[in-house]
Chemist: 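There's a structure below that I have some questions on.
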Number of protein chains: 2
Amino acid sequence: MPAKTDHDARRRDVSAAVWRVVAEGGFGALTLRSVAAELGASTGLVTHYFGSKQQLIRHALELAEDRTRASIPEVTDLRTALAAVLPTTPEVTEISRVWVSSWDVALAEPELHALERARYRRWRTRLRPLVIKAQSVGDLPPGDPGDLATGLAAFAHGLVVQALFDPTTYTPKRQLRILDTHLAALRPSD
Amino acid sequence: MPAKTDHDARRRDVSAAVWRVVAEGGFGALTLRSVAAELGASTGLVTHYFGSKQQLIRHALELAEDRTRASIPEVTDLRTALAAVLPTTPEVTEISRVWVSSWDVALAEPELHALERARYRRWRTRLRPLVIKAQSVGDLPPGDPGDLATGLAAFAHGLVVQALFDPTTYTPKRQLRILDTHLAALRPSD
DNA sequence: ACAGTTGCGTAACGGTTGTTATGTAATTGG
DNA sequence: CCAATTACATAACAACCGTTACGCAACTGT
């Protein structure tokens, strides 16, 4: 019944083209035709694997999530968890670019808005035990771990945005230094 | 020679329509026709006052800057300066929405990218003396004031984003509490 | 070998986009 | 009063958008 080609492999090709388009031009540049052109194929191929533009956008966000997860493998340490989201490598820079870019469309469309909110909640939930651990060894002051996780996530993402707009100023080394001195400043003395 | 209508007043009308469009739908929704429709006028009127779409985008960013400046009047205190950018009022929420939304197009277009970088640099420069003052009275630990300003700006903007996506969780009160406990945690216990 | 299914290029469709030209009414200075 | 200028609606324009339909080639199970 099924035809020759490896469906999943082809889908991954389209998927990769979607990523390249969004990584370079943001979500404003994501169109069926730009993906097709990036792939050197026709729009028919794109619609064959992704029925509509909504699904393309959805898929781009899933890709961002997958790549984020892949770039942050099983972290048990707060500093590492925060350092992992900073654009200190081309890979993470690309991912960050896509996330920040997605906020325009995510703020406009209620469904994507809810998705992004859920994503943030998951991130803070993942950060929470690391915060508690850091508190227990005296690396962080006492206080609501949720608020602390929010603050640290905020610090990290805010730094991401500044680094994206000013990569010359915020070299990888400088980003990590700022993170480290920030964490050091948060450590209660004794 | 000139005709009847008050040119500047009319221009402000168009300007207000531009703001309403961007505040509600983000930069993805900013088109000549959406502005005209918002104004109940024709596209001819819009192009009469703003020649091209580039200028419309540019103007929307200027508006955001103006409103930001207007909502942060002559701040001499670090906490107030940071609290002023948090979306704790409808007005600041609207402005924040526009800024975050603008990052998609700002990351894509080199000219807007440079503008946003400059804007961030100005903000940090304005924050710097407040940081130094806070350090001198023992509210902030010693260290590079530039790095501290970056970190505090990052914290604030990161909190802005989370609050925009989760206003139920981050009520104005909670935002300010998170800010205050964060600043308190940064105070060296000498 | 043939019927059925899949892969995907081609292309048409109606709608929207930014830009530009045209027309017309109203105002003003001489 | 008239020539010049401005304000703006109307609308044409080519380009582009997402979606859909069509058609053909290639493969598969029977």
Side-chain angles (χ1 to χ4, degrees), chain A residues 1-22 24-61 101-102 104-106 108-112, chain B residues 1-22 24-61 101-102 104-106 108-112:
Chain A
M1 271 200 214
K4 55 170 178 180
T5 56
D6 184 342
H7 186 90
D8 291 350
R10 260 281 186 268
R11 198 171 199 274
R12 267 193 297 277
D13 289 346
V14 183
S15 178
V18 169
W19 182 258
R20 264 177 274 134
V21 166
V22 177
E24 179 152 353
F27 277 80
L30 178 59
T31 68
L32 293 174
R33 288 171 224 263
S34 66
V35 172
E38 176 68 36
L39 199 64
S42 68
T43 70
L45 188 147
V46 178
T47 58
H48 187 69
Y49 289 94
F50 297 92
S52 71
K53 180 171 184 185
Q54 264 296 328
Q55 294 182 32
L56 266 190
I57 296 176
R58 228 54 98 74
H59 183 70
L61 291 173
S101 187
S102 78
D104 183 26
V105 64
E109 287 193 36
E111 255 185 276
L112 300 178
Chain B
M1 267 209 224
K4 54 167 178 179
T5 56
D6 185 342
H7 186 90
D8 291 351
R10 260 278 186 266
R11 198 170 199 274
R12 267 193 297 276
D13 290 345
V14 183
S15 179
V18 169
W19 182 257
R20 264 177 273 134
V21 166
V22 177
E24 178 153 352
F27 278 80
L30 178 59
T31 68
L32 293 176
R33 289 172 225 263
S34 67
V35 172
E38 176 69 36
L39 199 64
S42 69
T43 70
L45 188 149
V46 178
T47 58
H48 187 71
Y49 289 94
F50 297 91
S52 70
K53 178 169 186 185
Q54 265 294 328
Q55 293 182 33
L56 267 190
I57 297 176
R58 230 51 99 76
H59 183 70
L61 292 173
S101 186
S102 78
D104 183 27
V105 65
E109 287 191 37
E111 256 185 273
L112 301 179

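Fair warning: this is a prediction, and the values are worked out from it, not measured in the lab. Just so we're on the same page: letters track the sequence lines, and every chain starts at 1.
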Chemist: Among all residues two or more places apart in sequence or in another chain, which pass the side-chain contact (heavy atoms from CB on, under 4.5 Å) test with Ser52(A)?
Modeler: Gln54(A), Gln55(A)

Chemist: Which ones in residues 8-15 of chain A lie close to DNA chain D, meaning a heavy atom under 4.0 Å from one of its atoms?
Modeler: none

Chemist: Could you list the residues that satisfy side-chain contact (heavy atoms from CB on, under 4.5 Å) with Thr47(B), not counting sequence neighbours?
Modeler: Leu32(B)

Chemist: Is the backbone of Phe27(B) close enough, under 3.5 Å, to the side chain of Ser101(B) for a donor and an acceptor to pair up by distance?
Modeler: yes

Chemist: Near DNA chain D, under 4.0 Å by heavy atom, which residues of residues 51-59 of chain A?
Modeler: Ser52(A), Lys53(A)

Chemist: Between Arg11(A) and Asp6(A), is the side chain to side chain contact (heavy atoms under 4.5 Å, CB included) condition met? List the steps.
Modeler: CA-CA 9 Å; Arg11(A) 198 171 199 274; Asp6(A) 184 342; over 6 Å; no

Chemist: Taking only nitrogen or oxygen atoms into account, show me every contact under 3.5 Å that the protein makes with nucleotides 11-15 of chain D, one pair per line with its distance.
Modeler:
none

Chemist: Starting the side chain at C-beta, find the nucleotide from dC8(C), dA9(D), dG18(D) nearest to His48(A).
Modeler: dC8(C)

Chemist: Leu32(A) CG to dG9(C) P: how many Å, rounded?
Modeler: 14 Å

Chemist: Under a 4.5 Å cut-off applied to non-hydrogen side-chain atoms, are Ile57(B) and Leu30(B) in contact?
Modeler: yes

Chemist: Which residues satisfy the side-chain contact (heavy atoms from CB on, under 4.5 Å) test with Arg20(A), sequence neighbours excluded?
Modeler: Ala16(A), Ala17(A), Glu38(A)

Chemist: Could you walk me through whether Leu45(A) and Val14(A) pass the side chain to side chain contact (heavy atoms under 4.5 Å, CB included) check?
Modeler: CA-CA 8 Å; Leu45(A) 188 147; Val14(A) 183; 3.4 Å; yes

